[in-house]
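Values in this document were obtained by computation on a predicted structure and should not be read as measured data. Start at 1 and go down the list; that is how both ligands and their atoms are numbered. The figures here come from the full heavy-atom set of this structure, side chains too, leaving out hydrogens, waters and symmetry mates.
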Amino acid sequence: MVNVVEVLRERGLLEATTSPLLETEAGTRQLTVYAGFDPTAESLQAGNLVAIMGLMHFQRCGHKVVALVGGATGMIGDPSGKTAERPLLDEETVLRNLAGIRKNLEHFLDFEHPTAPAVIVNNYDWFRQYPFIDFLRDVGRHFRMGAMLGKDSVRTRLDSESGMSFTEFSYQLLQAYDFLHLYDQMGCCVQLGGSDQWGNITAGTDLVRKLRGQEVFGITIPLVCDRTGQKFGKSAGNAVYLSPAKTSVYDFYQFFLRVDDADVIRLLKVFTLLPLEEIEAYAAELATAPEKRSGQRRLAEEITRRVHGEEGLVRAQRSAAVLFGEAMDGLDADCLLEVFAQVPSCTLARAAVVEQPVVQVATAAGLCKSRSEARRLIQNGGCYVNNCRVSDVDAVVAADALIDGRLIVLRSGRKRYQLVRVA
Ligand code: YSA
């Protein structure tokens, strides 16, 4: 049996375990492991992928995996790693977010595995019927205030100006009880999470020890940060999400394509399943030919394919190629609007575009200052409509040049684009 702890260590996915015994157990028997995801948004974000990759490695090494979605905990809000209390989510939002997160998880875990299919559970299912008084008597009684106050997630917040509410303070009890519940119901004996989850995970291992007299294990993964120390998955202050409705496939692909040379090898180990020897070859190439960015390309390819499928990857790559002058056929207007989001755009009436001379449209759109400049541009072979060179100064914009009937892309020379939205 390949030892999953060793696999995680080799790939830079191991921060800490609650006991060295875990590694011994992982090498000798099938374990059941869980990781939890709170539905704070409609989609998981790139940072959460790290924990999902951890679960995938467990499953690939023959263990049973459980992904827990926090229908209950999401309504409380995990204070771990947060500098301020978040507004409470209402039930409707939590339900919508849960559905999105389930969908994300289905891309990664094998729910059809013949011997150890992955399972998704929702902790709202057991907290819903748990009376508060019973919970305090059964569970709360086993928590010591000193230990609870000593958790990093609590200490940092207590020192802050805004402090912490009792609601958030009690979060660790809920996560601890989940571990106990999954231990009882499924024999789950390992909880995995990012290193910000250490306090919550150890609250669970302590509770199982106290109430069942059994040792269960925690394992944490280092929080992946970018070079600037920012938690991974933020792009210009915004999270990079797995759902295309929140982060377009193109932006998702570009985010990974743009990672720094200093980060790419580490990220290949974390976010892909490529064998380490193959990743070493990228490291060697990075040392001799960094300008090729082959590691970044492979990283973006692997992760986009996994999250958005082969079709999504092809679409992202074709979109990227459009910026380098490649043909646009087959790409729809929404896709092109994403690609050209940073390009100047204007809106012209349909009658000012369709069947009108390119010279006129290029001038009206602001690509050229005057008709004579537009004419010269065409004569010099530097004018393009939808990346097709215009060779005739008298050419008109045909109706079928309009992409989805509402967009054309003009270009002057190699790089200067102008987007025309057709009203
Ligand atoms: C866990 C167990 C339970 O029984 C109940 C709830 C939970 C959810 C947990 N308290 C939580 O809030 N997790 S999370 O939704 O914020 O993140 C999901 C996982 O992604 C966590 O393990 C977190 O550490 C991990 N993660 C997020 N950003 C990360 C990261 N891991 C590594 N690097 C990052 N940048």
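Ligand 1 has Y34 within reach: a non-hydrogen atom of the residue lies less than 4.0 Å from it.
Between T73 and ligand 1, no N or O atom pair is found at a separation short of 3.5 Å. For G194, a nitrogen or oxygen atom sits less than 3.5 Å from a nitrogen or oxygen atom of ligand 1, counting backbone and side chain alike. Looking at ligand 1, you'll find an N or O of Q175 within less than 3.5 Å of one of its N or O atoms. Taking any N or O of K82, backbone or side chain, none lies under 3.5 Å from an N or O belonging to ligand 1.
Per-residue contacts place N123 under 4.0 angstrom from the following atoms of ligand 1 (heavy atoms of the residue considered): 5 (C). Counting the atoms of ligand 1 from 1 in the order shown, those under 4.0 Å from a heavy atom of G193 are 22 (O). Near V50, meaning under 4.0 Å from any of its heavy atoms, are these atoms of ligand 1: 31 (N), 32 (C), 33 (N). Applying the 4.0 Å criterion to heavy atoms of Q191 picks out, from ligand 1, the atoms 2 (C). Listed by number with element, the atoms of ligand 1 under 4.0 angstrom from any heavy atom of D196 are 23 (C), 24 (O). Listed by number with element, the atoms of ligand 1 under 4.0 Å from a non-hydrogen atom of L223 are 29 (C), 30 (C), 31 (N), 32 (C), 33 (N), 34 (C). Less than 4.0 angstrom separates some heavy atom of P222 from each of these atoms of ligand 1: 32 (C). For ligand 1, the atoms sitting less than 4.0 Å from at least one non-hydrogen atom of Y171 are 6 (C), 7 (C), 8 (C), 9 (C), 10 (N), 12 (O), numbered in the order shown with element in parentheses.
Across the listed options A176, A35, G47, G47 owns the non-hydrogen atom lying nearest to atom 34 (C) of ligand 1. Of the listed residues (L49, D178, T220), the one carrying the non-hydrogen atom nearest atom 5 (C) of ligand 1 is D178.
The closest side-chain heavy-atom distance from L105 to I120 is below 4.5 Å. Contact of the V69 side chain with the Y124 side chain is not registered, since no non-hydrogen atoms from C-beta on lie closer than 4.5 Å. When side chains are defined from C-beta on, R406 does not count as touching R350, because their heavy atoms never get closer than 4.5 Å. With a 4.5 Å cut-off on side-chain heavy atoms, L211 and L180 count as touching. The shortest side-chain heavy-atom distance between V409 and V420 does not fall under the 4.5 Å cut-off. By the 4.5 Å heavy-atom criterion applied to side chains, P79 and E85 are not counted as neighbours.
Contact annotation for L68 and ligand 1: only side-chain heavy atoms (C-beta onward) come within less than 4.0 Å of the ligand.
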